[in-house]
Amino acid sequence: MPFPHASEALSRFTVLDLTRVRSGPTCVRQLADWGANVVKIDALTEDAGGEQPGGPRRGSDFQNLHRNKRAMALNLKDERGLAVFKRLAARADVVVENFRPDVKKKLGIDYDSLAAINPRIVYGSISGFGQDGPYHKRPGFDQIAQGMGGLMSITGAPGQGPMRVGIPVADLSAGLFCAMGILTALLEREVSGKGQWVQTSLLQAQIFMLDFQAARWLMEKEVAKQAGNNHPTSIPTGVFKTSDGYINIATTGGRIWERCAQAIGAPELCSHPDYATAPARSRNRDALNAEIEKRTVTKSTETWVRELNEAGVPCGPIYAIDQMFEDAQVKHLGIAQDVPNDEGRQIRLVGQPVTLSRTPSRMVARPPEFGEQTNEVLKEFGFETDEIAKLREAKVV
């Protein structure tokens with residue numbers, strides 16, 4: 001039975017997925033969701049037992065990371081398994097891995113080894129700290145990258161010590177950047193006819209994600225500090241109490257600040273010398289926030305969201321995750337999507353945040369069970385039935 005593609009956009013590309021845990025699967029998910037023929041290589045070893053890092057296979061995390069793929073089981077530590085993989089790589093377009101840099105070389109599946117077989121291969125690598133350099137053999141972990149990449153020093157309330165972000169932002173951004181690099185290399189291959197090695201790391205991705213905070217140091221030698229819920233430069237912007245909860249209010253410039261003051265019934269704040277200019281508002285941030293909160297606590301979040309938006313002041317409620325998925329706009333965007341499956345299981349996952357008008361991404365296949373499509377995949381790559389039987393007998397696949 002032909003494998004359904006999630007989109008036509010990347011349906012001409014075949015991807016071999018050697019990734020695990022989060023950063024690598026995040027990268028490959030982008031390719032699978034846009035229709036690439038992704039084959040997840042499950043590690044078949046004596047102690048594998050069908051389990052992989054990242055939680056149970058039918059758990060929400062694994063399901064969300066590995067939809068729209070097929071899987072085959074392969075023992076890469078067996079020379080026959082390595083030979084099988086190289087036959088697959090000879091016909092593939094992309095290989096993605098997030099092993100420690102030295103591991104792939106020991107296995108014989110590094111870029112140079114595969115490029116010798118298939119010069120058109122695009123090889124994506126994600127590591128903790130880079131493919132070389134003084135830390136390249138260290139194992140990578142998201143929170144370590146958040147700390148070393150500067151993010152934890154600017155997250156959280158002043159004086160309360162470093163704070164991690166509530167999502168694995170280094171893992172996720174490294175995966176997304178790797179996917180972007182792979183797509184760029186595939187576009188370039190259409191001109192040169194040659195593949196190349198795409199590399200990123202959790203540390204590089206995290207530093208890039210500092211964005212203007214990093215630029216403040218590089219250009220102006222300003223070291224950003226923790227600001228809690230306050231925006232570091234646009235003031236007043238932050239979290240304010242309402243009569244029944246909290247609200248985010250954001251002002252970006254004098255005109256919006258004037259609208260905000262009018263909307264909360266305090267136009268006199270605009271002419272107050274402590275708040276009349278951006279530098280003054282910055283110096284007197286805490287006092288200004290207190291003045292605003294005196295007004296916001298008098299009405300409900302829903303009322304303020306309506307009134308401030310009508311006044312042209314950016315604002316919004318602060319949702320728990322369950323509340324977020326019940327929001328009318330979130331429902332309209334359709335980002336929570338059901339995954340079809342023959343078992344009748346309820347699988348609802350987070351869809352792509354990008355839409356294409358002609359070749360949209362869809363949920364077309366549930367995440368595969370361990371090695372589920374091994375025979376099917378091998379046949380597509382030219383393996384004969386008796387070859388597959390012998391490989392299975394030898395526990396290579």
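All heavy atoms count here, side chains included; hydrogens, waters and symmetry mates do not.
Considering all non-hydrogen atoms of both residues, Pro273 and Ala280 come closest at O-CB, 3.7 Å.
Using a 4.0 Å cut-off between charged nitrogen and carboxylate oxygen, Lys105 and Asp112 do not count as a salt-bridge pair. For Arg348 and Asp338, the salt-bridge test passes: some basic side-chain N is under 4.0 Å from an acidic carboxylate O. With salt bridges taken as basic N to acidic carboxylate O contacts below 4.0 Å, none links Glu384 and Lys379. Note on Asp327 versus Lys331: no salt bridge recorded, every NZ/NE/NH1/NH2 to OD/OE distance being 4.0 Å or above. Comment: Glu369 engages Arg58 in a salt bridge, judged by a side-chain N to carboxylate O separation of less than 4.0 angstrom. With respect to the salt-bridge test (charged N to carboxylate O, under 4.0 angstrom), the residues Lys104 and Glu97 qualify. In this structure, Arg366 pairs ionically with Glu372, as a charged nitrogen and a carboxylate oxygen lie closer than 4.0 Å. A salt bridge is absent between Arg12 and Glu8; no separation between the charged side-chain nitrogens and carboxylate oxygens falls under 4.0 Å. Taking a cutoff of 4.0 Å between a charged side-chain nitrogen and a carboxylate oxygen, Asp17 and Arg70 do not qualify as a salt bridge. Using a 4.0 Å cut-off between charged side-chain N and carboxylate O, Arg255 and Glu258 make a salt bridge. Of the charged side-chain nitrogens involved, none lies within less than 4.0 Å of a carboxylate oxygen, so that Asp274 and Arg281 do not count as a salt-bridged pair. Residues Arg259 and Glu310 are not paired through a salt bridge, judged by the lack of any N-O separation under 4.0 Å between the basic side chain and the carboxylate. A salt bridge is defined here as a Lys NZ or Arg NE, NH1 or NH2 lying under 4.0 Å from an Asp or Glu carboxylate O, and Arg22 with Asp61 meets this definition.
Through direct or relayed side-chain contacts under 4.5 Å between Ile, Leu, Val, Met, Phe, Trp and Tyr, Leu356 connects to Leu10, Phe13, Val15, Val28, Leu31, Trp34, Val38, Val94, Val96, Val122, Ile182, Leu183, Leu186, Val198, Val354.
Formation of a donor-acceptor pair under 3.5 Å by the Asn98 side chain with backbone atoms of Arg20 is found in this model.
Residues Phe240 and Tyr246 keep their aromatic ring centres 6.0 Å or farther apart.
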Open item on the list: Could you go through Thr26 and Ser23, starting from their C-alpha distance and side-chain angles, then the distance that decides it, and tell me whether this counts as side-chain hydrogen bond (donor to acceptor under 3.5 Å, both in side chains)?
Closed with: CA-CA 5 Å; Thr26 296; Ser23 63; over 6 Å; no
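Counting non-hydrogen atoms of other residues, nucleotides and ligands closer than 6.0 Å to CD of Glu393 gives a total of 12 or fewer. Counted within 6.0 Å of CD on Glu188, heavy atoms from surrounding residues, nucleotides or ligands total more than 12; the atom is thus considered enclosed.
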